[in-house]
Amino acid sequence: MDFSGKTAVVTGGSRGIGRAVCLELARGGANVVLCYAGNEATAQETVSACEALGAKALAVRCNVADADEVKALMDTAVQTFGRIDILVNNAGITRDGLLMMMKEGDFDAVLETNLKGTFLCMKAVSRIMMKQRYGRIVNLSSVVGLHGNAGQVNYAASKAGVIGMTKSLAKELASRGVTVNAVAPGFIETDMTAAMPEAAKTATLAAIPMQRLGQAEDVARAIAFLAGSEAGYITGQVLAVDGGMSM
Ligand code: NAP
């Protein structure tokens, strides 16, 4: 895919799906600005890997749940590269537990990062993209946001909320050349899923028609498609990337 001349902001680009997205966009020639919460060393590894592909890249520490930090992130991207064409809202966390045991703080933390973080980042780039009359926003939802999952009331609420925000902003920005879509990954092998018990992994695998767990690159390729200029007539959609699990 050709992203030359385009600038992308990818939240949570230090690991997992976010890193794979950075590399996919860098491979197409995009300038990449990635943010991370705390893992500076791994964020710099992503930067080096993007540069090895011939792209310009920059890592910025930014808590997506903090409006001032998000503004500083987007300001840095514009000051460095002059524009923001692509925003991938990928930063996310889990704090799993059955509802009866779930602490209020664990509910709030997941909503703050996954839902409010996506809101703040979309808000910060919307004016920029509207003025450009061009933009691509891709949000990370989850099959859990579509179907729910025991032990993930907080996470499911955040990811279902992301879908509602995606469709609403898609309607607000459609006439300005800005598309807003979501991907809903199934079970992807990253740090986020690494701690899942083997029995739960085996049960999940049995529910996947393609009979394999997903890789970060599977999701990154779908995001790159939605982030490309060729996807300009697609907006407000949720693309499941789950090996057929949710059909
Ligand atoms: P991951 O490996 O745990 O990586 C999470 C990334 O988000 C890291 O780069 C982390 O930065 C960053 N991050 C966390 N909190 C942040 C904050 N407050 N501000 C800025 N950055 C923050 O996760 P993943 O599995 O790649 O998941 C990526 C996205 O896909 C998430 O939104 C997740 O919900 C969604 N998803 C994943 C799966 C799956 O099976 N893995 C399935 C469906 C949806 P640090 O490295 O600095 O901590």
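When a ligand or atom number is given, it counts from 1 through the structure's own listing order. All residue numbers refer to positions in the sequence shown, counting from 1.
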T42 N/O under 3.5 Å from ligand 1 N/O: no

Other residues, nucleotides, ligands: >12 heavy atoms within 6.0 Å of M210 CE: no

For atom 35 (C) of ligand 1, the protein heavy atom that lies nearest, with its residue and separation: Y155 OH, 3.7 Å

Shortest non-hydrogen contact between C50 and L23, atoms and distance: N-CD2, 3.8 Å

Under 3.5 Å: N/O of G16 near N/O of ligand 1: no

A20 heavy atom under 4.0 Å from ligand 1: no

Any N/O pair N114/ligand 1 closer than 3.5 Å: no

Whether C62 lies under 4.0 Å from ligand 1, heavy atom: yes

Heavy-atom nearest neighbour of atom 41 (N) of ligand 1 within options L213, T190, N63: T190

Ligand 1 versus A65: contacting region, heavy-atom distance under 4.0 Å: neither

N or O pair under 3.5 Å between G12 and ligand 1: yes

Nearest protein heavy atom with distance in Å, relative to atom 21 (N) of ligand 1: A91 CB, 3.5 Å

Exceeds 12 heavy-atom contacts within 6.0 angstrom, atom NZ of K56: no

Any E112 heavy atom less than 4.0 Å from ligand 1: no

Pick from S14, A37, A43: the one approaching atom 46 (O) of ligand 1 most closely through a non-hydrogen atom: S14

N/O separation below 3.5 Å, F187 to ligand 1: no

Heavy atom of the protein closest to atom 29 (C) of ligand 1 (residue, atom name, distance): N90 O, 3.0 Å

Min N/O separation G38 to ligand 1 under 3.5 Å: yes

Y36, any N or O under 3.5 Å of ligand 1 N or O: no

Contact partition for T193 relative to ligand 1, non-hydrogen atoms under 4.0 Å: side chain

Nearest-contact summary for atom 42 (C) of ligand 1 - protein heavy atom, Å: G186 O, 3.0 Å

Contact (N/O only, under 3.5 Å) between I17 and ligand 1: yes

Atom 3 (O) of ligand 1 [closest protein heavy-atom partner, distance rounded to 0.1 Å]: R15 NH1, 3.5 Å

Pair T7, N31: side-chain N/O donor-acceptor within cut-off below 3.5 Å: yes

